Engineer: 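Can you read through this structure? Questions will come right after.
So that the names make sense, note that chain A is the first sequence line, chain B the second, and so on, each numbered from 1. Keep in mind the model is a prediction, meaning the values are calculated, not measured.
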2 protein chains.
Amino acid sequence: MRDFSRSLPMSLLRAREAVMRQFRPKLREHGLTEQQWRILRALAAIEAAEVTELARTAFLLGPSLSRILRDLEARNLIERKTAQADQRRSMVSISKEGVKLMASVAPSSEAIYAEITRRFGARKLAELQEMLGQLELCLASVDASDEIADDA
Amino acid sequence: MRDFSRSLPMSLLRAREAVMRQFRPKLREHGLTEQQWRILRALAAIEAAEVTELARTAFLLGPSLSRILRDLEARNLIERKTAQADQRRSMVSISKEGVKLMASVAPSSEAIYAEITRRFGARKLAELQEMLGQLELCLASVDASDEIADDA
DNA sequence: TGAAGATACTTAACATGTTAAGTTAATGCG
DNA sequence: CGCATTAACTTAACATGTTAAGTATCTTCA
């Protein structure tokens, strides 16, 4: 069998870990996990979002998101209110404290990202992300068989 | 702030998830997680390995590996014996049952990998992996400050 | 040699990944 | 209307990620 340490999944895993290793210490200083940070960032970009929408944006599964939102709400970093049009849905938004926390972390985060870009090269980084997007796209169509074929 | 859904960590995460989504169902049919499969594959390639070495190969942290080895041993898929030279170390190897299980999964796994390669393109895949390796490498040197500078 | 330090794991504790099941609210339709 | 179905979460259960602490063994050097 193929040497699995050279397989695509392992390459992607190691690359991502190498990248995240740069960010985690700084996030940790602020008591944030990678996932919590993703949620705050996603919320900062919009006024409010439903949980399902947020799950899609932050690329988290529902159960993970449920737990994290519970914790972030307990820390007063986000706010929730049930939508009046549909009592099942809850609208999530970032709180003032959440914005403040983001403001305190964002500069370091940006600096780290800039350093990664500098080391790897901005052009190469763009190429890499283009390829990653294509990979995602060409595999997405495989899974489509599960969903309703509304484009038939 | 940058649109985080276009950030490198998110690109890597989504790409990897798109890939792993192809494999998980088949592994699940055989009662294996992605990590357990990594360990079996790593062990199949060698006679035996120490736990630390295995952790490095399968890219798992010690605590995760400890738990997984305990479970795989309970399922008789691996075997362990303490090294006589150093009682702290334990040598891990795949069992006959483990080999049998691997043999039953490997063809599907290879087929899925081949299909991914076909869809994305073998040349592009090689390019992508080359870039991922470079990314890993150019970030690895950053972390080296933590470790003993034995190359000074 | 024998006590301090290092090494190789393992355990613990908490957060998330993942699938299945449960809850509550909305929709469709007879 | 009322009941079945669907939708949006949430909870549960188990596996792994991650850091810190614990344990047993080995090394080393006074």
Engineer: Would one find a side-chain N or O of B:Arg80 under 4.0 angstrom from OP1 or OP2 of C:dT10?
Structural biologist: yes
Engineer: In this structure, how many angstroms lie between the P atom of C:dA13 and the CG atom of B:Leu61, rounded?
Structural biologist: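 Taking atom P of C:dA13 as the reference, CG of B:Leu61 is at 19 Å.
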Engineer: Can you measure B:Leu60 atom CG to D:dA15 atom P for me and round it to whole angstrom units?
Structural biologist: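 In whole Å, D:dA15 P lies 15 Å from B:Leu60 CG.
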Engineer: For the pair A:Glu17 and A:Arg14, find out whether any cationic side-chain nitrogen is under 4.0 Å from an anionic carboxylate oxygen.
Structural biologist: no
Engineer: With rounding to the nearest 0.5 Å, note down the distance linking CG in A:Leu125 to CD1 in A:Ile116.
Structural biologist: 8.5 Å
Engineer: Once hydrogens and angles are ignored, does a donor-acceptor distance under 3.5 Å link the base of D:dA7 to the side chain of A:Arg88?
Structural biologist: yes
Engineer: Just the rounded figure in Å: distance from P of C:dA8 to CD of B:Glu53.
Structural biologist: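 For the pair B:Glu53 CD and C:dA8 P, the rounded distance is 12 Å.
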Engineer: If only side-chain N and O atoms of A:Ser64 are considered, is one of them under 4.0 Å from the OP1 or OP2 phosphate oxygen of C:dT18?
Structural biologist: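 Negative; the distance criterion is not met.
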Engineer: Mind calculating the distance between CG (B:Leu69) and P (C:dC9) to the nearest angstrom?
Structural biologist: 10 Å
Engineer: Between A:Gln84 and A:Pro63, which is nearer to the 5' end of DNA chain C once each is assigned its nearest nucleotide?
Structural biologist: A:Pro63
Engineer: Does B:Glu115 pair with B:Arg119 as a salt bridge, N-O distance under 4.0 Å?
Structural biologist: yes
Engineer: Can you check whether B:Thr52 has a side-chain N or O nearer than 4.0 Å to OP1 or OP2 of C:dT7?
Structural biologist: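 For C:dT7, OP1/OP2 do not have a side-chain N/O of B:Thr52 under 4.0 Å.
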Engineer: Can you tell me if A:Thr33 touches the phosphate of C:dT16, counting only side-chain N or O atoms and a distance under 4.0 Å to OP1 or OP2?
Structural biologist: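 Result: yes.
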Engineer: In terms of heavy-atom contacts, does NZ of A:Lys100 have more than 12 from other residues, nucleotides or ligands at under 6.0 Å?
Structural biologist: no
Engineer: Roughly, in whole Å, what's the span from CZ in B:Arg21 to C1' in C:dG17?
Structural biologist: 13 Å
Engineer: Could you tell me how far apart A:Ile39 (CD1) and C:dA15 (P) are, to the nearest whole angstrom?
Structural biologist: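 That distance rounds to 13 Å.
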Engineer: Let me spell it out: for each of A:Arg70 and A:Glu17, pick the nucleotide of DNA chain D with the closest heavy atom. Which residue's pick is nearer the 5' end?
Structural biologist: A:Arg70
Engineer: Reckon B:Arg89 has a side-chain N or O less than 4.0 Å from the OP1 or OP2 of D:dT25?
Structural biologist: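 Checking D:dT25 against B:Arg89, no side-chain N or O comes under 4.0 Å of OP1 or OP2.
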Engineer: Do any side-chain nitrogens or oxygens of B:Gln35 fall under 4.0 Å of OP1 or OP2 in C:dG17?
Structural biologist: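 For C:dG17, OP1/OP2 do not have a side-chain N/O of B:Gln35 under 4.0 Å.
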Engineer: Quick one: B:Leu32 CG to C:dG17 P, roughly how many Å, whole number?
Structural biologist: 22 Å
Engineer: Applying a 4.0 Å non-hydrogen cut-off, can you work out what B:Leu65 is touching in the nucleic acid: base, sugar-phosphate, or nothing?
Structural biologist: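 Nothing, no nucleic acid heavy atom in range.
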Engineer: Quick one: label B:Arg67 by what it contacts on the DNA or RNA (base, sugar-phosphate, nothing), any heavy atom closer than 4.0 Å.
Structural biologist: base
Engineer: With a cut-off of less than 4.0 Å, is there a side-chain N or O of A:Gln87 near OP1 or OP2 of D:dC9?
Structural biologist: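 Negative; the distance criterion is not met.
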Engineer: How long is the line joining CD of A:Glu50 and C1' of C:dA26, in whole Å?
Structural biologist: 13 Å
Engineer: Should the pair B:Lys124-B:Glu127 be classified as a salt bridge under the 4.0 Å nitrogen-to-oxygen rule?
Structural biologist: no
Engineer: Would you indicate what B:Ser66 reaches in the nucleic acid, counting non-hydrogen atoms under 4.0 angstrom: base, sugar-phosphate, or nothing?
Structural biologist: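 Base, at least one base atom sits under 4.0 Å.
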Engineer: If I compare all heavy atoms of A:Leu40 with all of A:Ile94, which pair ends up nearest, and what's the gap?
Structural biologist: O-CD1, 3.9 Å
